[in-house]
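Since this is a predicted model, take the numbers as computed values, not measurements.
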Amino acid sequence: MKMKKLLLLVAGGLSSVFCGAQEVALPDSSLSAGLDEVVVTSSASLRRLSGATNGVYITQKELFRAACCNLGESFTTNPSVDVNYNDAATGAKQIKLLGLSGTYVQMLTENMPGFRGAATPFALGYVSGTWMKGISVSKGAASVKNGYESITGQIDVEYLKPDDEKKVHINLYGDIQGRIEANADANFHLSNTLSTNVLAHYENRLSNHDGNHDGFVDMPKVQQGNFSNRWKLKSDSYIMHAGVSFLKEARNSGQTEHTMIQHDMPLYKIEINTDRYEGYMKHAFILNPEKQMNVAFLANASLHKQEAMYGARGYKGYDVNQKNLYAQLMYEATFGNNAISIGSSISHDYLKQAYQMGGEVNPLIKDVEKETVPGAYVQYTYTLGTKLTAMAGVRWDNSSLYGNFVTPRAHVKYQPVSWFSTRLSAGKGYRTVHALAENHNLLASGRQLFVENLGQEEAWNYGATTAFLIPLGERILKLNAEYYYTTFTNQAIIDYDSDASRIWIHDLLGKSRSHVFQVGANYVPLEGLDIMLAYRFNDVKCTYGGVLMTKPLTSRYKALLCMSYKLQPLELWQFDFTMQLNGGGRLPGDLGHYKAFEQMSAQVTRFFRYFDIYLGGENLTNFKQKNPIINASTPWSSLFEPTLVYGPVEGAMAYVGIRVKL
């Protein structure tokens with residue numbers, strides 16, 4: 001207990017220093033041309049995505065400014081991406097981008113679709129933070145090359161490469177809530193052309209923590225082992241990437257053993273066991289380096305097996321065996337100012353499901369869900385120096401469930417002067433819903449989960465962004481503003497409002513749309529100090545029971561302040577601080593609204609020649625959602641509700657870790 005108090009005190013003290021990692025939409029480096037009179041300094045951990053699309057590349061240096069244990073913890077300092085818990089029972093996390101669910105963000109692994117269907121609820125915990133070399137975050141309608149599923153954007157994870165500088169890294173982490181982690185990566189250069197690396201991860205939560213004394217653990221005990229082996233072969237005219245990975249996870253939650261049980265009812269338990277296997281390969285044949293002419297073939301396959309129990313055996317449960325296969329053949333070439341990409345792809349999803357809904361039979365849920373989608377695309381890009389980049393693409397796909405559909409998308413970037421640029425985008429997206437696989441954590445609710453026969457989701461997305469460079473003193477103030485509008489033709493709605501006794505997943509019956517406006521500023525007032533400030537306003541509405549209402553559990557706004565200071569001139573110490581204010585929002589039904597709440601995190605890092613030591617704290621304001629589990633004392637009743645989570649369920653937390661470089 002003394003150690004816990006000491007760590008909290010030290011982490012809390014950091015909040016008065018400096019800190020913070022930022023993801024502000026910085027202007028392109030090309031905008032700095034012609035401003036010779038001032039010093040242009042920007043964060044080395046962020047790079048604007050090139051071309052007409054709006055986005056940033058987050059480097060590993062940026063990720064390490066916080067306790068980035070996995071992909072779900074990589075966006076705590078990001079003004080564009082929110083990561084929230086889906087419920088207070090299973091630990092399922094969800095990304096939100098442009099005010100909408102993460103299911104509308106296409107998740108990629110090095111430009112190949114991944115983590116689909118049954119992997120969705122817990123996918124953010126399947127990628128270790130130390131494995132990632134960087135993350136590309138693009139907003140709005142994305143390129144048609146990666147498929148038709150992106151509606152609000154894409155998140156592409158780049159792993160450490162086998163041919164990176166030969167090193168061995170070890171990362172050890174522990175926090176006061178009983179979570180421990182060990183990560184290791186090493187690469188081997190077997191020859192001038194062939195290299196390989198191994199990535200290993202282990203985590204375990206050793207204690208059952210019940211900080212609000214409601215009889216339920218605040219966070220599930222998760223024990224996970226994850227291993228990956230990746231290869232690269234490279235010559236002047238041929239590049240090959242290939243690899244395999246294996247994951248095994250046991251997730252346990254529910255009532256604590258010392259909970260007072262009423263009416264001789266058994267303990268309410270949640271057990272979710274997962275085995276996941278993946279393999280991929282990429283072959284690139286370089287036909288003409290000068291014209292960037294190449295042919296590439298990409299393929300990946302995954303097997304995801306999961307057994308989930310809610311309450312007790314035979315009460316509620318969901319078992320799934322999902323197989324996914326994806327392959328793509330593409331040709332790309334550049335001719336002067338013109339670039340073209342032509343390709344075809346095929347994806348296949350197969351889900352074998354077994355479920356127990358706890359009473360009411362839902363005949364519309366199929367025991368087997370399968371879909372095969374072949375498709376083809378063409379994308380053209382025109383570049384006129386640094387002033388204009390225009391990209392237009394269209395793809396045709398044929399679903400075995402929904403037939404033919406066409407996906408058009410277009411992006412334009414215009415930079416008339418060196419200190420100003422603007423981007424416009426428009427495009428369509430589609431998505432096939434696997435309702436129970438993607439939302440089986442809703443079975444934790446005491447309500448009945450009822451799923452209608454769902455159609456294909458379909459939406460349009462439009463965006464406009466601007467970026468400015470303004471000389472301020474001897475340095476540059478970077479400003480940006482952006483607006484995105486998303487409107488659905490059809491959408492799968494998770495409806496808490498229409499029927500108080502059910503969670504009803506059905507097709508859109510009315511309108512659904514999202515308006516998102518965001519502004520940001522980045523400034524380096526002195527060497528080593530980086531400050532970012534951002535504000536985002538969300539106006540997200542959907543039709544429930546025939547009434548257009550604000551989407552529940554969605555904050556109206558988010559304000560973010562991030563500061564990072566690296567002590568000069570030796571840069572042996574780094575101080576990071578982040579503060580965010582999350583606006584209030586609507587709760588479903590007659591539960592009213594929740595108020596705005598603030599959160600702070602801080603970290604200090606000491607760099608040595610062969611290792612780094614970091615100490616930090618999260619949620620230092622100690623804000624916790626009051627009663628995240630509604631009617632926790634009656635978990636076997638229809639009034640039991642752990643799935644209405646809008647904020648943290650854990651209080652202040654301190655952590656310590658070490659990164660060793662050999």
K.L.:
Pair Phe640, Tyr268 - check ring pair (Phe, Tyr, Trp, His ring centres under 6.0 Å), show working.
P.N.:
CA-CA 11 Å; Phe640 176 70; Tyr268 185 99; 5.1 Å; yes
K.L.:
Is the number of heavy atoms from other residues, nucleotides or ligands within 6.0 Å of NZ (Lys323) greater than 12?
P.N.:
yes
K.L.:
Less than 3.5 Å apart, any donor N or O on the side chain of Thr432 or Glu371 sitting next to an acceptor on the other?
P.N.:
yes
K.L.:
So which heavy atom on Ser138 is nearest to which on Leu97, and how close?
P.N.:
O-CD2, 4.1 Å
K.L.:
Between Glu650 and Arg205, does the salt bridge (charged side-chain N to carboxylate O under 4.0 Å, His left out) criterion hold? Intermediate values first, please.
P.N.:
CA-CA 14 Å; Glu650 295 179 298; Arg205 188 177 289 269; 3.7 Å; yes
K.L.:
Salt bridge (charged side-chain N to carboxylate O under 4.0 Å, His left out) with Lys269: which residues, sequence neighbours excluded?
P.N.:
Glu257
K.L.:
Looking only at atom types and distance, does a side-chain atom of Asn441 sit under 3.5 Å from a main-chain N or O of Thr90, one as donor and one as acceptor?
P.N.:
no
K.L.:
Going by atom types only, do Lys352 and Tyr350 share a side-chain donor-acceptor pair under 3.5 Å?
P.N.:
no
K.L.:
Rounded to the nearest 0.5 Å, what's the gap from OG1 on Thr554 to CG on Asn538? Could you check?
P.N.:
7.5 Å
K.L.:
Looking only at atom types and distance, does a side-chain atom of Asp497 sit under 3.5 Å from a main-chain N or O of Gly545, one as donor and one as acceptor?
P.N.:
no
K.L.:
Determine whether Tyr148 and Val373 make a side-chain contact, defined as any pair of heavy atoms from C-beta on separated by less than 4.5 Å.
P.N.:
yes
K.L.:
Got Gln322 and His434 here, is their nearest side-chain heavy-atom distance under 4.5 Å?
P.N.:
no
K.L.:
Would you say the side-chain atoms of Ser555 and Tyr594 include a donor-acceptor pair closer than 3.5 Å?
P.N.:
yes
K.L.:
Would a distance-only check, ignoring hydrogens and angles, find a side-chain to backbone donor-acceptor pair under 3.5 Å from Trp460 to Tyr485?
P.N.:
no
K.L.:
Within the distance-only criterion (no hydrogens, no angle test), does the side chain of Arg536 pair as donor or acceptor with the backbone N or O of Val81 below 3.5 angstrom?
P.N.:
no
K.L.:
With a 4.5 Å cut-off on side-chain heavy atoms, are Ile494 and Ile505 touching?
P.N.:
yes
K.L.:
Do the non-hydrogen side-chain atoms of Pro588 and Tyr544 ever get within less than 4.5 Å of each other?
P.N.:
no
K.L.:
Please find the pair of heavy atoms, one from Ala67 and one from Glu618, that lie closest to each other, and give the distance.
P.N.:
CB-OE2, 3.7 Å
K.L.:
Working to the nearest 0.5 Å, report the span between OG1 of Thr550 and CZ of Arg586.
P.N.:
6.5 Å
K.L.:
Return the minimal non-hydrogen interatomic distance between Ala118 and Val320, and the atom names on each side.
P.N.:
CB-CG1, 3.7 Å
K.L.:
Taking it one step at a time, do Tyr126 and His304 satisfy side chain to side chain contact (heavy atoms under 4.5 Å, CB included)?
P.N.:
CA-CA 12 Å; Tyr126 294 161; His304 189 97; 3.7 Å; yes
K.L.:
Do any N or O atoms from the side chain of Asn86 and from the backbone of Ala92 form a donor-acceptor pair under 3.5 angstrom?
P.N.:
no
K.L.:
My understanding is that only residues two or more places apart in sequence, or in another chain, count here; which of them pass salt bridge (charged side-chain N to carboxylate O under 4.0 Å, His left out) with Asp319?
P.N.:
none
K.L.:
For the backbone of Glu482 and the side chain of Thr465, can you confirm whether one donor and one acceptor N or O come within less than 3.5 Å of each other?
P.N.:
no
K.L.:
What distance do Thr152 atom OG1 and Ile95 atom CD1 have between them, rounded to the nearest 0.5 Å?
P.N.:
9.5 Å
K.L.:
In chain order, what residues pass the salt bridge (charged side-chain N to carboxylate O under 4.0 Å, His left out) check against Arg447, with sequence neighbours excluded?
P.N.:
Glu641
K.L.:
Mind listing the side-chain donor-acceptor pairs of residues 100-109 below 3.5 Å, one per line with the distance, residues two or more places apart or on another chain?
P.N.:
unit_1 : atom_1 : unit_2 : atom_2 : d
Ser101 : OG     : Gln94  : OE1    : 2.4
Ser101 : OG     : Thr103 : N      : 3.2
Ser101 : OG     : Thr103 : OG1    : 3.1
Tyr104 : OH     : Glu457 : OE2    : 2.6
Tyr104 : OH     : Gln491 : NE2    : 3.2
Gln106 : OE1    : Gln154 : NE2    : 2.8
Gln106 : NE2    : Asn146 : O      : 2.8

K.L.:
Which residue, Lys558, Lys93, Lys96, forms the salt bridge (Lys or Arg N to Asp or Glu O under 4.0 Å) with Asp82?
P.N.:
Lys558
K.L.:
Between Arg556 and Asp539, does a salt bridge (charged side-chain N to carboxylate O under 4.0 Å, His left out) hold up when you go through it step by step?
P.N.:
CA-CA 7 Å; Arg556 291 281 286 175; Asp539 179 20; 3.5 Å; yes
K.L.:
Going through the distances and angles, do Leu124 and Phe115 end up as a side chain to side chain contact (heavy atoms under 4.5 Å, CB included)?
P.N.:
CA-CA 9 Å; Leu124 297 180; Phe115 301 124; over 6 Å; no
K.L.:
Strictly distance-based, threshold 3.5 Å: is any side-chain N or O of Asn324 a donor or acceptor partner for the main-chain N or O of His348?
P.N.:
yes
K.L.:
Could you give the distance from CG (Asn490) to CD (Gln456), rounded to the nearest 0.5 Å?
P.N.:
8.5 Å
K.L.:
Can you check side chain to side chain contact (heavy atoms under 4.5 Å, CB included) on Asn78 and Ile58, steps first, answer last?
P.N.:
CA-CA 10 Å; Asn78 189 303; Ile58 307 171; 3.8 Å; yes
K.L.:
Is a side-chain donor-acceptor pair under 3.5 Å present for Thr274 with Gln306?
P.N.:
yes
K.L.:
Mind checking whether Val83 and Glu73 have side chains closer than 4.5 Å, heavy atoms only?
P.N.:
no
K.L.:
Counting distance only, does the side-chain N/O of Glu249 pair as donor-acceptor with the main-chain N or O of Val222 below 3.5 Å?
P.N.:
no
K.L.:
Would you confirm whether Ser400, through its side chain, and Thr372, through its main-chain N or O, come within 3.5 Å as a donor-acceptor pair?
P.N.:
yes
K.L.:
What pair of heavy atoms forms the shortest contact from Ala437 to Leu351, and how long is it?
P.N.:
CB-CD2, 3.6 Å
K.L.:
Kindly write out the residues that satisfy ring-ring contact (aromatic ring centres under 6.0 Å, His included) with Tyr318, not counting sequence neighbours, or none if the list is empty.
P.N.:
His440
K.L.:
Are the side chains of Val519 and Leu533 in touch, meaning some heavy atoms are under 4.5 Å apart?
P.N.:
no
K.L.:
Looking at every heavy atom in both Tyr655 and Gly617, which two are closest together, and how far apart are they?
P.N.:
CE2-N, 3.6 Å
K.L.:
Rounded to the nearest 0.5 Å, how far apart are CD of Glu278 and CG of Leu303?
P.N.:
10.0 Å
K.L.:
Just how far is it from atom CG of Asp210 to atom OG1 of Thr256, taken to the nearest 0.5 Å?
P.N.:
5.5 Å
K.L.:
Do Pro635 and Gln255 touch side chain to side chain, with heavy atoms closer than 4.5 Å?
P.N.:
yes
K.L.:
Measure the acute angle between the ring planes of His515 and Tyr483, then classify it against the limits of 30° and 60° as parallel, tilted or perpendicular.
P.N.:
parallel
K.L.:
Going through the distances and angles, do Leu71 and Ile135 end up as a side chain to side chain contact (heavy atoms under 4.5 Å, CB included)?
P.N.:
CA-CA 9 Å; Leu71 180 59; Ile135 306 172; 3.8 Å; yes
K.L.:
Donor-acceptor pair, distance only, cut-off 3.5 Å: does the side chain of Ser80 make one with the backbone of Leu98?
P.N.:
no
K.L.:
Is any side-chain heavy atom of Leu548 closer than 4.5 Å to a side-chain heavy atom of Thr543?
P.N.:
yes
K.L.:
Partners of Tyr496 by ring-ring contact (aromatic ring centres under 6.0 Å, His included), sequence neighbours excluded?
P.N.:
none
